[in-house]
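Working notes, structure below.
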Amino acid sequence: MLDIQKIREDPAGVAARLRRRDPTISLDRVLELDSQRRELIRAVESRRHELNRGSEEVAKLQREGKKEEAQGLIARLRELSGEIKALERELSEVEDRLRHELLSLPNIPHDSVPEAEEKIVLREWGTKPEFDFQPKNHVELGKTLGILDFERAAVITGARFPLYVGQGARLEFALLLWMFEFHVHEHGYIPVLPPILANRKSFEVSGQLPKFAEELYHCPADDLFLNPTAESLLANLHRDEILAEEDLPLRYVAYTPCFRREAGTWGEAQRGLIRMHQFNKVELFHYTTPERSYEDLEELVRHAEAILQRLGLHYRVTLLPADDLAHQSAKTIDLEVWLPAQGRYYEVSSCSNCEDFQARRGNIRFRPAEGGKPRFVHTLNGSGLATSRLFAAILEQNQRPDGTVVLPEVLAERLGIQVLR
RNA sequence: GGAGGGAUGGCCGAGCGGUCGAAGGCGACGGCUUGCUAAGCCGUAGCUGGGCCUCAAAAGCUCAGCCGCGGGUUCGAAUCCCGCUCCCUCCGCCA
């Protein structure tokens with residue numbers, strides 16, 4: 001959520017910066033509702049002042065035994081009270097509408113975010129593996145190795161749900177636990193296993209609601225939503241709290257399954273593990289100060305990259321242009337792993353600085369070390385990493401002509417086998 | 001799922017229809033007293049949103065709201081009524 005005071009002070013400037021990501025954005029509605037709101041507040045408050053003084057007068061008259069005068073005053077105040085109620089109803093309606101408009105506005109892109117047609121490639125790591133045979137895709141590899149079973153998953157649930165079997169189940173599990181532990185031990189993250197269902201307010205704070213409800217699985221009986229990314233959950237870990245600056249940055253790592261309806265993406269030719277309704281993800285989340293949040297973003301990206309490097313997978317790092325940014329994000333850097341069978345890179349991590357966008361919605365602040373008023377924290381999130389796609393990359397990049405797969409050392413150690421065959 | 005109890009300022013805790021700025025205590029901060037420490041004495045303090053002032057901000061002045069949340073009754077609600085959330089105790093069910 002953007003600061004209404006900033007919008008009020010410099011509407012043209014804010015609008016210009018927002019239009020970098022979406023040229024259709026207009027602040028007219030917000031400004032109109034804001035001025036209506038303030039006008040109503042003035043009307044309510046002046047009447048309420050009069051009412052309060054009147055009520056005091058009633059008490060005084062009654063103490064002095066002036067009954068008729070008190071009755072007369074009460075009759076007048078009754079009318080005033082009714083007027084206030086009507087105005088307050090109007091005010092709360094305007095405030096609801098204003099709130100909804102503000103919640104619908106996306107974050108302002110950071111100045112370092114480009115306007116571009118395509119994402120900008122910042123760097124590549126490693127080299128594309130060369131094959132002297134036609135590399136198979138992970139669906140085929142998974143099937144012949146007996147570790148992925150999409151047919152039976154479809155029987156149980158439907159299309160685009162995963163079913164890992166045998167060494168596949170062990171590999172996925174080992175990968176997740178290894179990443180989780182890696183961030184705890186190597187990078188000092190606080191480990192978290194959060195609830196997988198969360199309430200409406202939580203998704204409002206993170207930014208998924210009210211605008212992107214169609215992406216979420218919803219349990220109407222309890223008005224709870226299935227987790228689409230642990231970002232949403234971790235963004236609510238300190239809702240309504242005032243943190244001590246000395247405790248910042250706070251860095252959390254969580255493992256969760258993620259569920260996304262992926263409405264409207266069915267036309268895309270993405271088979272197998274590329275785009276699923278359910279996938280596993282290890283998520284990194286930072287609570288930090290405005291002064292250092294962009295340094296933290298760089299560090300967050302390095303933490304996520306370390307996973308791919310340790311696994312020996314070729315990938316590239318990209319910077320998203322303004323019009324590709326997620327609603328809540330001011331700047332996003334993606335990690336994309338190479339999938340040889342598809343001949344293209346796929347996102348396995350998206351690292352974003354949301355600045356105070358989520359903090360404002362969740363009322364998450366910190367007390368500055370030098371004292372003074374609490375300020376909003378900055379929040380950052382990044383996958384570290386999303387598997388399903390990572391699983392696919394491990395199979396595809398490490399395959400041999402006979403369809404067997406050589407496991408990266410860290411996983412071979414944990415599984416007690418060198419090769420999937 | 002059922003029955004009961006509870007939610008008040010940083011913390012404890014009183015208030016149960018009008019003395020306004022929610023008693024009192026603890027803790028915090030500032031000061032005074034004091035060989036040192038402990039103690040004592042005096043004083044200060046919350047959050048949100050308007051308005052005024054200002055080129056602007058801060059400060060200041062002023063108003064309104066905030067006793068879990070949302071409604072209602074009333075001239076007037078922390079206090080009465082209704083709904084909800086969370087916490088605690090017990091019963092039932094359950095991995």
Side-chain angles (χ1 to χ4, degrees), chain A residues 1-14 30-102 193 195-205 219-225 236-247 257 290 356 359-377:
Chain A
M1 183 152 54
L2 302 179
D3 184 354
I4 183 65
Q5 292 195 28
K6 288 264 163 54
I7 296 176
R8 196 185 298 151
E9 272 167 31
D10 181 20
V14 171
V30 166
L31 291 167
E32 168 63 23
L33 287 167
D34 179 53
S35 93
Q36 275 182 32
R37 171 176 174 269
R38 285 189 294 163
E39 201 175 308
L40 283 166
I41 285 174
R42 251 174 285 148
V44 166
E45 288 191 349
S46 65
R47 281 169 181 76
R48 187 167 285 284
H49 180 60
E50 203 183 321
L51 180 71
N52 288 345
R53 294 300 83 81
S55 290
E56 281 168 27
E57 186 64 21
V58 168
K60 199 175 143 213
L61 290 172
Q62 285 181 342
R63 269 199 306 278
E64 292 166 355
K66 298 176 180 167
K67 277 213 146 185
E68 298 88 65
E69 281 179 57
Q71 282 310 314
L73 186 51
I74 285 172
R76 264 182 288 136
L77 293 179
R78 190 174 295 149
E79 273 176 50
L80 189 58
S81 177
E83 248 177 82
I84 290 170
K85 264 172 197 149
L87 283 168
E88 279 184 333
R89 257 190 293 277
E90 210 178 319
L91 176 61
S92 86
E93 210 174 285
V94 166
E95 287 190 324
D96 283 352
R97 289 216 297 274
L98 177 60
R99 196 179 118 76
H100 188 270
E101 288 292 325
L102 280 174
L193 289 176
I196 305 304
L197 286 167
N199 57 37
R200 185 172 289 276
K201 172 71 184 174
S202 292
F203 291 103
E204 255 180 38
V205 169
C219 306
D222 303 287
D223 200 28
L224 294 175
F225 298 83
N236 285 277
L237 199 56
H238 293 294
R239 199 200 291 169
D240 292 319
E241 289 185 36
I242 298 174
L243 306 166
E245 181 168 4
E246 292 76 11
D247 294 337
D356 65 3
R360 196 176 293 283
R361 292 176 170 214
N363 191 29
I364 310 158
R365 296 172 293 170
F366 71 97
R367 180 83 60 190
E370 67 271 19
K373 281 199 167 193
R375 302 167 62 201
F376 288 116
V377 298

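Here is the naming used below: chain letters follow the sequence lines, and residue numbers restart at 1 for every chain.
N199(A) has its CG atom 9 Å from the P atom of rC86(B), to the nearest Å. Atom pair L91(A):CG and rG71(B):P shows a separation of 11 Å (rounding to whole Å applied). Regarding N363(A), its CG atom lies at a distance of 14 Å from the C1' atom of rC66(B), rounded to whole Å. Rounded to whole Å, atom C1' of rG70(B) lies 14 Å from atom CZ of R99(A). Protein atom CG of D240(A) is 13 Å distant from nucleotide atom C1' of rC86(B), rounded to whole Å. Rounded to whole Å, the distance from CZ on R239(A) to C1' on rC86(B) is 13 Å. The separation between D96(A) atom CG and rG71(B) atom C1' is 14 Å, rounded to whole Å. Between the C1' atom of rG70(B) and the NZ atom of K201(A) lies a distance of 15 Å, rounded to the nearest Å.
Between the side chain of R360(A) and the main chain of M1(A), a donor-acceptor pair closer than 3.5 Å is present.
Searching all strands for a Watson-Crick or G-U wobble partner of rA59(B) with both distances below 3.5 Å returns nothing. Pairing for rC94(B) is absent, with no Watson-Crick or G-U wobble pair whose two atom distances lie under 3.5 Å. Within the shown strands, rC26(B) is the pairing partner of rG10(B) under the Watson-Crick or G-U definition, both distances less than 3.5 Å. Across all strands shown, rC67(B) remains unpaired; no Watson-Crick or G-U wobble contact has both distances below 3.5 Å. Across all strands shown, rU54(B) forms no Watson-Crick or G-U wobble pair with both key distances under 3.5 Å. rU89(B) is paired with rA3(B) under the criterion used here, namely a Watson-Crick or G-U wobble arrangement in which both key atom distances are under 3.5 Å. Using N1 to N3 plus N6-O4 or O6-N4 for Watson-Crick, or N1-O2 and O6-N3 for G-U wobble, each under 3.5 Å, rG40(B) pairs with rC32(B). Shown here, rU79(B) forms no base pair; nothing in the strands shown gives a Watson-Crick or G-U wobble contact with both key distances under 3.5 Å.
Comparing rC87(B) with rU8(B), their P atoms sit 15 Å apart, to the nearest whole Å. Rounded to whole Å, the separation between the P atoms of rC11(B) and rG68(B) comes to 13 Å. For the P atoms, the distance linking rG27(B) with rU85(B) amounts to 39 Å, nearest Å. Here the separation of rC88(B) from rU79(B), taken at their P atoms, is 25 Å to the nearest Å. Atom name C1', nucleotides rC53(B) and rC61(B): the rounded distance is 8 Å, in whole Å. Rounded to whole Å, the separation between the C1' atoms of rG9(B) and rU48(B) comes to 15 Å. Between rC36(B) and rC32(B), the two P atoms lie 13 Å apart (nearest whole Å). Atom C1' of rU54(B) sits at a distance of 28 Å from the matching atom of rU44(B), rounded to the whole Å.
Sequence neighbours left out, the pairs with a member in residues 30-46 of chain A that pass side-chain hydrogen bond (donor to acceptor under 3.5 Å, both in side chains) are R8(A)-D34(A), E32(A)-Q36(A), R37(A)-E95(A).
Nearest heavy atom pair, residue S55(A) against residue L77(A), reads N-CD1, 3.8 Å. Summarising the geometry of S202(A) relative to N236(A), their closest heavy-atom pair is O-ND2, 2.9 Å, with the distance given to 0.1 Å. In terms of heavy-atom proximity, L73(A) sits nearest to V58(A) at CD2-CG2, 3.8 Å.
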For nucleotides 46-53 of chain B, list the nitrogen or oxygen atoms of the protein found under 3.5 Å from its nitrogen or oxygen atoms, one pair per line.
| residue | atom | partner | partner atom | Å |
| --- | --- | --- | --- | --- |
| rG49(B) | O2' | R37(A) | NH2 | 3.1 |
| rG49(B) | N2 | E45(A) | OE1 | 3.3 |
| rG49(B) | N2 | E45(A) | OE2 | 2.8 |
| rG50(B) | OP1 | R8(A) | NH2 | 3.0 |
| rG51(B) | OP1 | R38(A) | NH1 | 3.3 |

Which protein N or O atoms sit under 3.5 Å from an N or O of nucleotides 72-75 of chain B?
| residue | atom | partner | partner atom | Å |
| --- | --- | --- | --- | --- |
| rC75(B) | OP1 | R78(A) | NE | 2.8 |
| rC75(B) | OP1 | R78(A) | NH2 | 2.5 |
| rC75(B) | OP2 | R78(A) | NE | 3.4 |
| rC75(B) | O2' | S55(A) | OG | 3.2 |

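OP1 or OP2 of rA64(B) has at least one side-chain nitrogen or oxygen of H49(A) nearer than 4.0 Å. The shortest distance between the side-chain N/O atoms of N52(A) and the OP1/OP2 oxygens of rC63(B) is not below 4.0 Å.
Counting heavy atoms from C-beta outward, D356(A) and P290(A) have side chains that stay 4.5 Å or more apart. D240(A) is not listed as a side-chain neighbour of I364(A), based on a closest heavy-atom distance of 4.5 Å or more.
Of the candidates R47(A), R48(A), R89(A), E83(A) forms a salt bridge (Lys or Arg N to Asp or Glu O under 4.0 Å) with just one, namely R47(A).
Counting any heavy atom pair closer than 4.0 Å across all strands shown, R47(A) reaches no nucleic acid atom.
Atom CD1 in I4(A) sits 6.5 Å away from atom CG in L31(A) (nearest 0.5 Å).
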Decide side chain to side chain contact (heavy atoms under 4.5 Å, CB included) for F376(A) and N363(A); before the verdict, give the C-alpha distance in whole Å, the side-chain angles of both, and the deciding distance to 0.1 Å. CA-CA 7 Å; F376(A) 288 116; N363(A) 191 29; 4.1 Å; yes
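Within a 6.0 Å sphere centred on CZ of R99(A), heavy atoms belonging to other residues, nucleotides or ligands number 12 at most.
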